[in-house]
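This report refers to the structure that appears directly beneath it.
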Amino acid sequence: MDEGVDFQRWDELIPDALGLIFKNLSLFEVLTVVPRVCKSWGRAVRGPYCWQEIDIEEWSRNSKPEIVDRMVRLLIARSGGSLKKLCVSGLSSDQTILFIANHAKSLRTLRLPRSEINDSIMEMAAGMLSTITCLDLSYCINIGAEALEALGKHCKFLTSLRRIMHPLEVINKLSQDDEALAIAATMPRLKHLEIAYLLVSTESVIEILKNCKQLELLDLRGCWNVYLDEKFVKKFTKLKVIGPLVVDCYDMNGWENCSDYSASSGYLAWDFVAGDIDDDYAEMLGDLWEDEHPLEDIEMWFYDDVNAIDAGYDWPQSP
């Protein structure tokens, strides 16, 4: 190696370069390990450079709702308005939803599965989420057509929507055709739509196909009342339709194609971390659940991925 070559010290890298590097580390390491290495690294993780993408979805599934809400607020505050992606599960506070909308004006991807969001809050927040292109409202049982309509009207650049439901959560509903019709009426730019287990009819799905002409993927697994004519679907040459039939991963030995959402998580060990960290983080990390998930929290994870093996419509594309 040439002895005359000068190499920049790690602690002398500019903050945004450090932020790009730290994005490859786990949330646990960024919050508790990196700040102790040196002052420059500590400044980097306290600035917005590491928080343009915040993905705490897995961690939040194993945490108390009030702890999740506090963590979201702290991390978004650190992003300094530069947040592009937020993935978190089980938000319980209406005020946190409004906080996200008010402080994430550059947001592109928003995943809020299993959150206690209602129509009125989403209608209030929709106008401040106009930059979103990808949205996930799966398993959010308290929202319906009103929220989807408001989001569609305000989020003009929306190209991907996930609205997957659990079969047991919709068992008492007569229909969710109003949600499908709201999607059809207000989201013409959609390219990727997942509405697995939504209680929709053939007619409302046809409305989606007629109005969302840029669709490339439509996930209808578990939509048992939908019967699409093969000749009709083949008219949409760029479209892939999955479902409505579902093939169980157990039966097909398709584990590699199924979502891996294990209840175990490395984050559960955070409360054993030694050393000084911010008081807010220390309190949150120490309050994590240590108990295993109760039986009623078990969900049908095997069908939460459009890459899962499918036995439904998947016809060859026209030449």
Side-chain angles (χ1 to χ4, degrees), residues 51-57 72-73 75-76 79-91 93-165 176-196 198 200 204-205 207-220 238-239 304 306:
W51 309 112
Q52 294 184 15
E53 296 186 3
I54 299 173
D55 188 345
I56 57 173
E57 189 171 343
V72 167
R73 289 170 176 256
L75 296 183
I76 289 180
S79 72
S82 64
L83 183 63
K84 299 291 192 300
K85 177 180 179 180
L86 174 63
C87 304
V88 58
S89 178
L91 285 183
S93 170
D94 293 347
Q95 294 306 311
T96 300
I97 301 296
L98 295 178
F99 183 89
I100 293 170
N102 276 304
H103 294 83
K105 301 299 184 180
S106 301
L107 198 59
R108 297 290 186 273
T109 298
L110 180 61
R111 288 177 52 90
L112 300 174
R114 298 164 191 83
S115 295
E116 298 179 19
I117 311 168
N118 58 53
D119 285 332
S120 61
I121 290 299
M122 287 310 300
E123 288 178 284
M124 293 173 60
M128 296 177 280
L129 297 171
S130 59
T131 59
I132 288 180
T133 60
C134 300
L135 179 64
D136 185 352
L137 296 175
S138 298
Y139 311 110
C140 297
I141 61 176
N142 296 323
I143 68 168
E146 292 84 358
L148 294 174
E149 182 178 359
L151 288 163
K153 288 180 177 179
H154 290 283
C155 304
K156 299 296 185 180
F157 304 104
L158 193 64
T159 60
S160 177
L161 175 65
R162 300 184 83 231
R163 180 69 175 129
I164 297 173
M165 299 301 292
Q176 291 172 291
D177 279 327
D178 57 344
E179 293 190 28
L181 294 175
I183 293 170
T186 63
M187 302 180 186
R189 294 193 179 189
L190 282 181
K191 294 183 178 181
H192 184 128
L193 176 60
E194 297 178 55
I195 52 174
L198 218 62
V200 294
S204 60
V205 171
E207 285 300 309
I208 289 175
L209 293 177
K210 287 181 178 179
N211 290 279
C212 304
K213 297 180 180 180
Q214 299 181 43
L215 268 182
E216 297 175 1
L217 176 65
L218 177 60
D219 181 4
L220 296 172
K238 296 182 179 180
L239 176 65
D304 197 27
V306 295

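Between Leu112 atom CG and Ile117 atom CD1 the span is 4.5 Å, to the nearest 0.5 Å. Here the CG atom belonging to Leu151 is positioned 9.5 Å from the CG atom belonging to Asp119, to the nearest 0.5 angstrom. Of the inter-residue distances, the one linking Ile141 atom CD1 with Arg114 atom CZ reads 11.5 Å to the nearest 0.5 angstrom. Note that CD1 of Ile195 and CD1 of Ile208 are 4.5 Å apart. Values are rounded to the nearest 0.5 Å. Here the CE atom belonging to Met165 is positioned 10.0 Å from the CG atom belonging to Leu137, to the nearest 0.5 angstrom. Taking OG1 of Thr159 as the reference point, atom CD of Glu216 lies at 9.5 Å (rounded to 0.5 Å).
Leu198 and Arg163 make their closest contact through CD1-O, 3.9 Å (heavy atoms, listed as atom of the first residue, atom of the second, distance). Here the closest non-hydrogen pair linking Ala101 and Leu129 is CA-CD2, 3.9 Å. Closest approach of Ala182 and Ala145 over heavy atoms only: CB-O, 3.8 Å. Scanning both residues, Ala184 and Cys212, for their nearest heavy atoms gives CA-SG, 4.3 Å. Between Met122 and Ile97, the shortest heavy-atom distance links the atoms SD-CG2, 4.2 Å. When every heavy atom of Asp136 is checked against every heavy atom of Arg162, the shortest pair comes out as OD2-NH1, 2.8 Å.
Applying the 6.0 Å contact sphere to NZ of Lys213 captures no more than 12 heavy atoms from other residues, nucleotides or ligands. Heavy-atom neighbours of Lys191 NZ from other residues, nucleotides or ligands within 6.0 Å: at or below the threshold of 12.
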Evaluate side chain to side chain contact (heavy atoms under 4.5 Å, CB included) for Ile56 paired with Val72, printing each intermediate quantity in order. CA-CA 9 Å; Ile56 57 173; Val72 167; 3.9 Å; yes
In sequence, state the C-alpha distance, the side-chain angles, and the governing distance for Leu98 and Met124, and then conclude on side chain to side chain contact (heavy atoms under 4.5 Å, CB included). CA-CA 8 Å; Leu98 295 178; Met124 293 173 60; 4.0 Å; yes
What verdict does the side chain to side chain contact (heavy atoms under 4.5 Å, CB included) test give for Ile164 and Tyr139, after you've listed the backbone C-alpha separation in whole Å, the side-chain angles of each residue and the deciding distance to 0.1 Å? CA-CA 6 Å; Ile164 297 173; Tyr139 311 110; 3.6 Å; yes
Could you go step by step and tell me if Arg189 and Leu158 meet the side chain to side chain contact (heavy atoms under 4.5 Å, CB included) rule? CA-CA 6 Å; Arg189 294 193 179 189; Leu158 193 64; over 6 Å; no
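Between the Ser115 side chain and the Leu91 main chain, a donor and an acceptor come within less than 3.5 Å of each other. Counting only distance, with no hydrogens or angles, the side chain of Ser106 and the backbone of Ser82 share no donor-acceptor pair below 3.5 Å.
With sequence neighbours excluded, the residues satisfying side chain to side chain contact (heavy atoms under 4.5 Å, CB included) with Asp94 are Asn118, Ile121. Scored by the side chain to side chain contact (heavy atoms under 4.5 Å, CB included) test, Lys153 finds Glu149, Thr186 as partners (sequence neighbours excluded).
At a threshold of 4.5 Å between non-hydrogen side-chain atoms, the residues Lys85 and Arg108 do not count as touching. The shortest side-chain heavy-atom distance between Thr131 and Lys105 does not fall under the 4.5 Å cut-off.
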